[in-house]
There are 2 protein chains.
Amino acid sequence: MPAPAETTVANLETTWTIREIADDFGVTHRTVRHYEDLGLIAPERRGTTRVYRRRDRTRLALILRGKRLGFPLEEIRTIIDLYDRPRGKASQLEYVLSQIDDRRADLEQRRRDLDDALLELDRFEERCRQDLERLR
Amino acid sequence: MPAPAETTVANLETTWTIREIADDFGVTHRTVRHYEDLGLIAPERRGTTRVYRRRDRTRLALILRGKRLGFPLEEIRTIIDLYDRPRGKASQLEYVLSQIDDRRADLEQRRRDLDDALLELDRFEERCRQDLERLR
DNA sequence: GTATTGCTTTACGTTTACGTCAACGTCAAG
DNA sequence: CTTGACGTTGACGTAAACGTAAAGCAATAC
């Protein structure tokens with residue numbers, strides 16, 4: 001009988017170098033370090049070398065998705081901070097919940113824009129297809 | 001009996017100054033001129049003064065929506081060009097249709113990202129509400 | 001041992017998307 | 001007729017998001 005606990009531990013303790021995660025996510029190491037400069041990720045150090053773990057990968061994925069959505073890095077940082085912020089007291093939780101509402105409003109505006117753009121694209125394609133039909 | 005044709009013509013011929021459309025869309029006149037420098041809009045001139053018409057407003061709306069979606073201005077220009085490109089011949093229409101597919105793929109990726117982000121936000125809010133509940 | 005490879009920091013360069021003067025033309029109001 | 005109010009064209013400034021080049025340490029490869 002194998003010991004899944006051990007492999008789980010091994011997975012959790014798997015580490016990556018800066019070049020490795022950069023390659024994995026299709027960015028340059030310079031980009032990763034830039035995110036660190038801005039405080040979006042904070043890898044451990046073994047001596048002077050950066051050591052990246054699973055949680056760093058999760059963060060990087062969050063950052064890159066935020067970028068695909070067109071958010072500036074500073075705003076992405078506030079989002080990450082929001083997710084990471086300690087929320088032991090009720091007042092802190094209330095604040096976090098209000099922030100969540102703000103973010104949701106933003107995302108839903110984007111979704112409206114996106115759906116509009118897709119609808120327009122559909123109509124435009126339809127017109128093009130009809131034009132093409134008429135040429136035959 | 002009123003003459004709707006006249007009011008239609010009047011509407012179509014309504015013009016605006018740079019400051020007016022800028023204010024209407026919540027941007028500065030500098031921004032509008034910047035878009036003109038990049039070839040995203042091309043207002044008429046009465047002498048040296050820019051004269052904006054309905055189609056310029058439509059374009060500006062397109063540009064600003066593109067920006068809210070996080071597209072760079074150069075990419076927005078290619079999109080506008082796509083919509084405006086002459087497509088008399090079949091080969092041109094074929095090309096436009098292929099471009100449409102590319103754009104749709106892009107937009108749908110964004111929608112996936114957006115839906116993921118909204119789902120995460122929902123789950124996070126749920127956790128926060130439960131934490132808040134436990135404090136009572 | 002030295003050469004290569006990969007990590008590090010420091011620092012300046014670049015592109016995008018405008019902001020911010022400066023200097024000038026023009027037209028209606030006082 | 002001059003004073004605003006708005007228009008125009010440069011030209012330079014700036015913030016964000018990295019790119020790039022210089023120079024150094026550290027471990028493995030030969």
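Here is the naming used below: chain letters follow the sequence lines, and residue numbers restart at 1 for every chain.
With respect to Glu36(A) and Arg33(A), no salt bridge is recorded, no charged nitrogen being found less than 4.0 Å from a carboxylate O. The existence of a salt bridge linking Arg50(A) and Glu44(A) is excluded, since no basic side-chain nitrogen approaches an acidic carboxylate oxygen closer than 4.0 Å. Electrostatic pairing of Arg103(B) and Glu125(A) does not count as a salt bridge here, judged by no charged N lying under 4.0 Å from a carboxylate O. Salt bridge status for Asp101(B) with Arg104(B): present, with a side-chain N to carboxylate O gap under 4.0 Å.
A cation-pi geometry, defined here as NZ or CZ lying under 6.0 Å from the six-membered ring centre and within 45° of its normal, holds between Arg57(A) and Trp16(A). Cation-pi contact between Arg110(A) and Phe71(A): present, with separation from the ring centre below 6.0 Å and deviation from the ring axis of at most 45°.
Here the shortest heavy-atom pairing between Asp116(A) and Arg65(B) reads CB-NH1, 3.6 Å.
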TODO: Treat primed atoms plus P, OP1 and OP2 as sugar-phosphate and everything else as base, then score nucleotides 5-12 of chain D 5' to 3': B for base contact with protein heavy atoms under 4.0 Å, S for sugar-phosphate contact only, - for none.
DONE: --SSB-B-
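Taking atom NE2 of His34(B) as the reference point, atom C1' of dT14(D) lies 13 Å away to the nearest angstrom. Whole-Å rounding puts the Asp37(A) CG to dA17(D) C1' distance at 11 Å.
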Open item on the list: Please evaluate residues Gln109(A) and Arg112(A) with respect to the criterion side-chain hydrogen bond (donor to acceptor under 3.5 Å, both in side chains), reporting the C-alpha separation (whole Å), side-chain torsions for both, the decisive distance (0.1 Å), and the verdict.
Closed with: CA-CA 5 Å; Gln109(A) 171 61 48; Arg112(A) 279 190 296 275; 2.9 Å; yes
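Using a 4.0 Å cutoff on non-hydrogen atoms, no part of residues 60-80 of chain A comes near DNA chain C.
Residue-environment remark: CZ (Arg46(A)) stays at or below the threshold of 12 foreign heavy atoms within 6.0 Å.
One hydrophobic cluster, built from ILVMFWY side chains closer than 4.5 Å, holds both Leu135(A) and Leu97(B).
Along DNA chain C, the stretch of nucleotides lying under 4.0 Å from any heavy atom of chain A spans, 5' to 3', dC7(C) to dA11(C).
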